[in-house]
Amino acid sequence: MAPSPTGPLHIGTARTSLYNYLTARHGGGTFVLRIEDTDVARSTTEFERDIIEGLHWLGISWDEGPQAAGGDDIGPYGPYRQSQRLDRYAAAAERLLAGGNAYRCYCTPEELDAVRREQEADHEAPRYNGRCRSLSDDERAAFEAEGRQAAIRFVVPPETVVWDDLVRGDVEFDNALLGDFVIVRADGSPLYNFTVVVDDAEMYISHVIRGEDHISNTPKQIALYRALGYELPRFGHIPLILNPDRTKMSKRKTQTGVDEYRAQGYLPEALVNFLAFLGWSPGTEEELFSLRELEERFDLDKVHKGGAVFDKDRLDYLNGVYIRSLTDEQLALALRPYLPDAAVDETVLRLVPLVKERLVRLSDVGELVGFLFADDAEVASWYESEELVPRKGEVVDAASALRAVRDELTRLTDADWAADLLETRCREVAERLGFKAGDLFKPIRVAVTGRSVSPPLFGSMELLGRERSLARMDDALGKLATVGVGG
RNA sequence: GCCCCCAUCGUCUAGAGGCCUAGGACGCCACCCUUUCAAGGUGGAGAUCAGGGGUUCGAAUCCCCUUGGGGGCACCA
């Protein structure tokens with residue numbers, strides 16, 4: 001896998017990495033991570049860190065490559081950052097030049113542009129016209145005298161290239177359609193199509209698995225492999241992840257940062273399971289897979305050719321499944337970062353059963369149990385007094401009901417303040433007053449939690465504690481009084 | 001404009017000539033359970049397998065064309 005540290009870890013990169021990782025693990029191979037940082041202007045070690053940490057977070061590990069951002073490499077064919085391999089590219093370029101497989105090109109961007117425009121006008125494919133391909137020594141000297149810097153272009157042999165793609169089968173491309181492409185810029189820096197070939201070959205990469213958007217780079221790279229005398233790897237082009245409108249997934253239309261999903265409380269297990277199925281399935285109706293199980297079952301020849309839309313609903317569903325599969329202790333730990341620092345561990349563990357079945361993302365916990373950590377006045381500000389009124393009741397009913405409940409519960413001691421007893425007492429009150437239990441519970445719920453939708457009421461009250469629960473009922477009574485009916 | 005790739009419910013997918021009156025899952029809709037919301041359970045709507053031609057006794061599965069969609073055509077990766 002060879003990500004470019006020019007941005008945070010992208011969902012697409014994560015998926016490609018996963019497929020690479022699974023292919024390597026499934027086949028007992030070696031998984032290599034290489035950082036493609038030749039674009040010095042856009043590459044940062046901060047992004048490198050985000051990528052490496054994101055992959056680790058997903059559970060993806062590699063046998064060769066940098067193990068930490070800015071850290072040392074592991075593996076026999078390093079260095080594994082392209083910025084540290086410049087001498088190799090220079091040597092390869094020299095070999096190409098010496099063998100007549102490449103030449104210096106003195107064309108300026110303006111000249112190139114003019115040619116391109118002309119070709120477009122003639123409805124031709126835009127490509128380099130080969131002007132500098134066979135310059136005489138005099139012509140070369142003349143350009144040099146002008147002070148022009150030369151880029152290096154690769155001589156593309158005009159032949160049809162065929163490869164047996166790991167996911168698509170035979171793919172054919174006519175390189176005669178290609179112009180000679182630049183492999184080294186005028187400033188001496190090497191370009192992608194050239195560096196990957198040198199690196200993949202010198203790192204003995206056997207399987208190149210990448211997105212379908214690279215399919216048209218492959219014939220160029222194969223030509224380079226041949227010119228350089230390298231042995232060809234197998235290529236596999238996996239389908240793209242799509243926006244809901246079926247265009248190539250983009251930040252604009254879909255959330256693409258792995259760090260963002262992580263921050264929102266998606267579990268790596270859910271993301272991995274979800275990503276694996278974007279373009280692959282085991283061929284059965286099973287759909288819950290751990291990384292380990294995927295390592296065992298994943299196979300490139302079950303990978304689809306068509307793109308797959310990123311379906312957020314499905315990710316959400318899977319995340320819920322994985323959250324529910326956690327033990328209470330594990331979930332309490334995972335929830336910690338999403339709860340106020342003031343929340344003690346014991347409280348967190350006790351609140352887990354109340355929220356476990358209600359969480360789509362870990363970050364949802366804040367909304368669910370916010371009433372526990374907000375002060376009474378704030379909770380009272382969350383609702384209008386009308387919300388205290390039971391479905392088919394009057395404001396007076398709400399007031400008298402709440403008062404009855406408060407009076408009843410006041411008699412309980414702190415020690416008795418537990419969910420089951422609270423429920424028993426409230427049901428008794430409901431019966432005495434002739435309320436349906438649900439109708440009575442509504443005003444209590446709103447008073448105590450500030451919302452008409454909350455975790456189970458009595459468990460919530462137990463956690464909140466006697467004093468605060470009673471105080472909030474008093475606050476509610478006060479709010480009803482101001483509408484003019486309480487008292 | 002040129003080149004290449006792809007095509008099963010809205011979405012992810014099962015399906016490699018007869019097992020398909022096309023299966024599962026998400027989402028959606030009902031109902032059940034239920035203190036709200038979830039979770040769970042049951043059921044339902046939802047794809048004439050993009051369309052048209054072939055091949056075959058037989059096609060979602062093979063071939064061709066059309067249409068639609070996507071990707072690529074840089075001194076980006």
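Letters go in sequence order (proteins before strands), and every chain restarts at 1.
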**OP:** Please state the P separation for the pair B/rC49 and B/rC32 - nearest whole angstrom.
**Re:** 37 Å
Original post:
Using the rule for Phe, Tyr, His and the six-membered ring of Trp, do A/H214 and B/rA77 stack at under 5.5 Å and under 30°?
Top reply: yes
Original post:
Does A/F274 have A/K312 sitting over its ring (NZ/CZ under 6.0 Å from centre, angle to axis within 45°)?
Top reply: no
Subject >> Selection from B/rC5, B/rC12, B/rG24 that lies nearest to any side-chain heavy atom of A/F277 >> reply: B/rC12
Original post:
Contact class for A/C107 vs. all strands (heavy atom < 4.0 Å): base, sugar-phosphate, or nothing?
Top reply: base
Original post:
Tell me: OH of A/Y128 to P of B/rA74, nearest whole Å?
Top reply: 14 Å
Original post:
Can we say A/D200 and A/R34 salt-bridge, meaning some charged N sits less than 4.0 Å from an Asp/Glu carboxylate O?
Top reply: yes
Original post:
NA contact type, A/L318, heavy-atom cut-off 4.0 Å: base, sugar-phosphate, or nothing?
Top reply: nothing
For nucleotides 33-38 of chain B, which of its nitrogen or oxygen atoms have a protein nitrogen or oxygen under 3.5 Å away, and what is each distance?
residue : atom : partner : partner atom : Å
B/rU35  : OP1  : A/R427  : NH2          : 2.6
B/rU35  : O2'  : A/R445  : NH2          : 3.2
B/rU35  : O2   : A/R445  : NH2          : 2.4
B/rU36  : O2'  : A/S452  : O            : 3.3
B/rU36  : N1   : A/R445  : NH2          : 3.4
B/rU36  : O2   : A/S454  : N            : 2.7
B/rU36  : O2   : A/S454  : O            : 2.9
B/rU36  : N3   : A/R445  : NH1          : 3.3
B/rU36  : N3   : A/S454  : O            : 2.6
B/rU36  : O4   : A/P456  : N            : 3.3
B/rC37  : O2   : A/R358  : NH1          : 2.8
B/rC37  : N3   : A/R358  : NH1          : 2.2
B/rA38  : O2'  : A/E357  : O            : 2.4

Original post:
Do A/N273 and A/Y322 get their side chains close enough for a donor-acceptor pair, meaning under 3.5 Å?
Top reply: yes
**OP:** Starting from the 5' end of RNA chain B, give me the residue, A/G307 or A/I215, whose nearest nucleotide shows up first.
**Re:** A/I215
Subject >> Among B/rG71, B/rC12, B/rG27, the nucleotide that comes nearest once only the side chain of A/Y317 is considered >> reply: B/rG27
Original post:
In the strands shown, is B/rG46 matched to any nucleotide by a Watson-Crick or G-U wobble pair with both distances under 3.5 Å, and which?
Top reply: none
**OP:** Would you mind classifying the nucleic acid contact of A/T449 as base, sugar-phosphate or nothing, using non-hydrogen atoms under 4.0 angstrom?
**Re:** nothing
**OP:** Go through the side-chain N and O atoms of A/E46 and A/T44 and say whether any donor and acceptor fall under 3.5 Å apart.
**Re:** no
Original post:
Looking at RNA chain B, which of residues 181-195 of chain A put a heavy atom within less than 4.0 Å of it?
Top reply: A/V182, A/R185, A/A186, A/L191, A/Y192
**OP:** Sequence neighbours left out, what pairs pass ring pair (Phe, Tyr, Trp, His ring centres under 6.0 Å) with at least one residue falling in residues 436-460 of chain A?
**Re:** A/F441-A/F458
Original post:
Does A/Y103 have any ring-ring contact (aromatic ring centres under 6.0 Å, His included) partners at least two apart in sequence or in another chain, and if so, which?
Top reply: none
Subject >> Protein-nucleotide distance (A/E118, atom CD; B/rC2, atom P), rounded to Å >> reply: 18 Å
Subject >> G-U wobble or Watson-Crick pairing nucleotide for B/rC2 (cut-off 3.5 Å, both distances) >> reply: B/rG72
**OP:** Check whether any side-chain N or O of A/W417 sits under 3.5 Å from a backbone N or O of A/L421 as a donor-acceptor pair, and report yes or no.
**Re:** no
**OP:** Can you figure out which of B/rG69, B/rC3, B/rC26 approaches the side chain of A/R246 most closely?
**Re:** B/rG69
Original post:
Base, sugar-phosphate, or nothing for A/L112, non-hydrogen atoms under 4.0 angstrom?
Top reply: base
**OP:** Compare side-chain N and O positions of A/T38 against OP1 and OP2 of B/rA77 and report whether any pair is under 4.0 Å apart.
**Re:** yes
Original post:
How is A/R168 classified with respect to the nucleic acid when contacts are heavy atoms under 4.0 Å: base, sugar-phosphate, or nothing?
Top reply: sugar-phosphate
Original post:
For residues 363-373 of chain A, which residue pairs qualify under salt bridge (charged side-chain N to carboxylate O under 4.0 Å, His left out), counting only residues two or more places apart or in two chains?
Top reply: A/R361-A/D364, A/E367-A/R451
**OP:** Ignoring hydrogens and angles, state whether a donor on the side chain of A/R210 or A/T218 is under 3.5 Å from an acceptor on the partner side chain.
**Re:** yes
Original post:
Taking atom types as they are modelled, is there a donor-acceptor pair under 3.5 Å from the base of B/rA25 to the side chain of A/R314?
Top reply: yes
**OP:** Quote, to the nearest angstrom, the C1' distance that separates B/rA7 from B/rC12.
**Re:** 15 Å
Can you give me the N/O atom pairs linking the protein to nucleotides 14-16 of chain B at distances under 3.5 Å, or say none if there are none?
residue : atom : partner : partner atom : Å
B/rA14  : OP1  : A/S281  : OG           : 2.9
B/rA14  : OP1  : A/H304  : NE2          : 3.0
B/rA14  : OP2  : A/H304  : NE2          : 3.1
B/rA14  : O3'  : A/G283  : O            : 3.4
B/rG15  : OP1  : A/K302  : NZ           : 3.1

Original post:
When rounded to the nearest Å, what value does the distance between P atoms of B/rU21 and B/rC65 take?
Top reply: 30 Å
Subject >> d(CG, A/D213; P, B/rC76) in whole Å >> reply: 17 Å
Original post:
Taking atom C1' in both B/rG18 and B/rU56, what distance in whole Å separates the two?
Top reply: 12 Å
Subject >> Nearest-Å distance once atom P is located in both B/rC9 and B/rG51 >> reply: 10 Å
Original post:
Nearest-Å distance, CG (A/D174) to P (B/rC2)?
Top reply: 16 Å
Subject >> Separation between the P atoms of B/rU13 and B/rU67, rounded to whole Å >> reply: 27 Å
Original post:
With no hydrogens and no angle check, do the side chains of A/T247 and A/N243 hold a donor and an acceptor under 3.5 Å apart?
Top reply: yes
Subject >> Donor on one side chain, acceptor on other, A/Q82 and A/T195, under 3.5 Å >> reply: yes
Original post:
When rounded to the nearest Å, what value does the distance between P atoms of B/rG43 and B/rC6 take?
Top reply: 39 Å
Subject >> Complementary nucleotide of B/rG18, counting Watson-Crick and G-U pairs under 3.5 Å >> reply: B/rC57
Original post:
In terms of side-chain heavy atoms, does A/D199 have a donor or acceptor partner in A/Y80 at a distance below 3.5 Å?
Top reply: no
Original post:
Between atom NZ in A/K220 and atom C1' in B/rC73, what is the gap in whole Å?
Top reply: 7 Å
Subject >> Whole-Å gap separating C1' (B/rC73) and CG (A/N217) >> reply: 10 Å
Original post:
Judged by modelled atom types alone, do A/E159 and A/N175 share a side-chain donor-acceptor pair under 3.5 Å?
Top reply: no
**OP:** Check every strand shown and say whether A/R451 touches a base, only sugar-phosphate, or nothing at a heavy-atom separation below 4.0 Å.
**Re:** nothing
**OP:** May I ask you to verify if any side-chain N or O of A/K248 is less than 4.0 angstrom from the OP1 or OP2 atom of B/rG72?
**Re:** yes
Subject >> Separation between the C1' atoms of B/rA14 and B/rG24, rounded to whole Å >> reply: 7 Å
Original post:
Strictly under 6.0 Å, is that where the ring centroids of A/H207 and A/Y19 end up?
Top reply: no
Subject >> Touch class at under 4.0 angstrom, heavy-atom based, for A/E287 against every strand present >> reply: base
